[in-house]
Amino acid sequence: MDENTDQRRGRLRLQRPTFSGSSVGWGIGAFFWLFCAVQTLVGVVQDGGTTFVGALVLVALAALAVVCIIGTVATIRHPRPAPPATDT
């Protein structure tokens, strides 16, 4: 390690992920991924079973939907401040 490099000393702490963007965009993403997960689940039920790959796809779609739902709630509860207004 180089001695001239500035580094913070102390413990590394986990931080909550910050979700940027609009809550509407996150909501649309949540709806889309949840809709895909439901369609996949309906297909599994109608076919009478699933394969290992099908189960992985279903889990991935559900995980994407959960992340988008968390993003929607996070952007509603903690909106990013807007830049200051300037008169031109």
Side-chain angles (χ1 to χ4, degrees):
M1 243 164 76
D2 190 11
E3 293 178 12
N4 297 330
T5 307
D6 284 339
Q7 290 187 0
R8 290 182 6 181
R9 299 282 181 200
R11 292 177 44 189
L12 294 176
R13 296 176 188 239
L14 290 176
Q15 296 180 353
R16 291 185 181 187
T18 56
F19 293 91
S20 60
S22 72
S23 59
V24 174
W26 283 105
I28 291 170
F31 177 79
F32 174 75
W33 292 118
L34 193 60
F35 182 77
C36 289
V38 168
Q39 289 292 335
T40 305
L41 185 62
V42 167
V44 166
V45 169
Q46 287 179 348
D47 292 341
T50 183
T51 62
F52 180 71
V53 175
L56 285 178
V57 168
L58 184 59
V59 168
L61 289 173
L64 285 170
V66 167
V67 167
C68 288
I69 290 169
I70 291 171
T72 302
V73 172
T75 54
I76 290 172
R77 291 183 66 199
H78 304 287
R80 298 242 181 225
T86 58
D87 291 331
T88 56

Spacing of [X] atom [atom1] and [Y] atom [atom2] [to the nearest 0.5 Å]:
{"X": "F35", "Y": "L61", "atom1": "CZ", "atom2": "CG", "result": "12.0 Å"}
{"X": "L41", "Y": "C36", "atom1": "CG", "atom2": "SG", "result": "13.0 Å"}
{"X": "I76", "Y": "S22", "atom1": "CD1", "atom2": "OG", "result": "10.0 Å"}
{"X": "L34", "Y": "L64", "atom1": "CG", "atom2": "CG", "result": "11.0 Å"}

For the student: nearest non-hydrogen atoms of [X] and [Y], plus distance:
{"X": "A37", "Y": "A62", "answer": "CB-N, 4.2 Å"}
{"X": "A55", "Y": "T50", "answer": "N-OG1, 3.5 Å"}
{"X": "G27", "Y": "T72", "answer": "N-OG1, 3.1 Å"}

Could you state whether V59 and L56 fall into the same hydrophobic cluster, counting links through intermediate Ile, Leu, Val, Met, Phe, Trp or Tyr residues with side-chain heavy atoms under 4.5 angstrom apart?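 As far as the 4.5 Å side-chain criterion goes, L56 and V59 are not connected within one cluster.
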
Who pairs with W26 by ring pair (Phe, Tyr, Trp, His ring centres under 6.0 Å), at least two apart in sequence or on another chain? F19

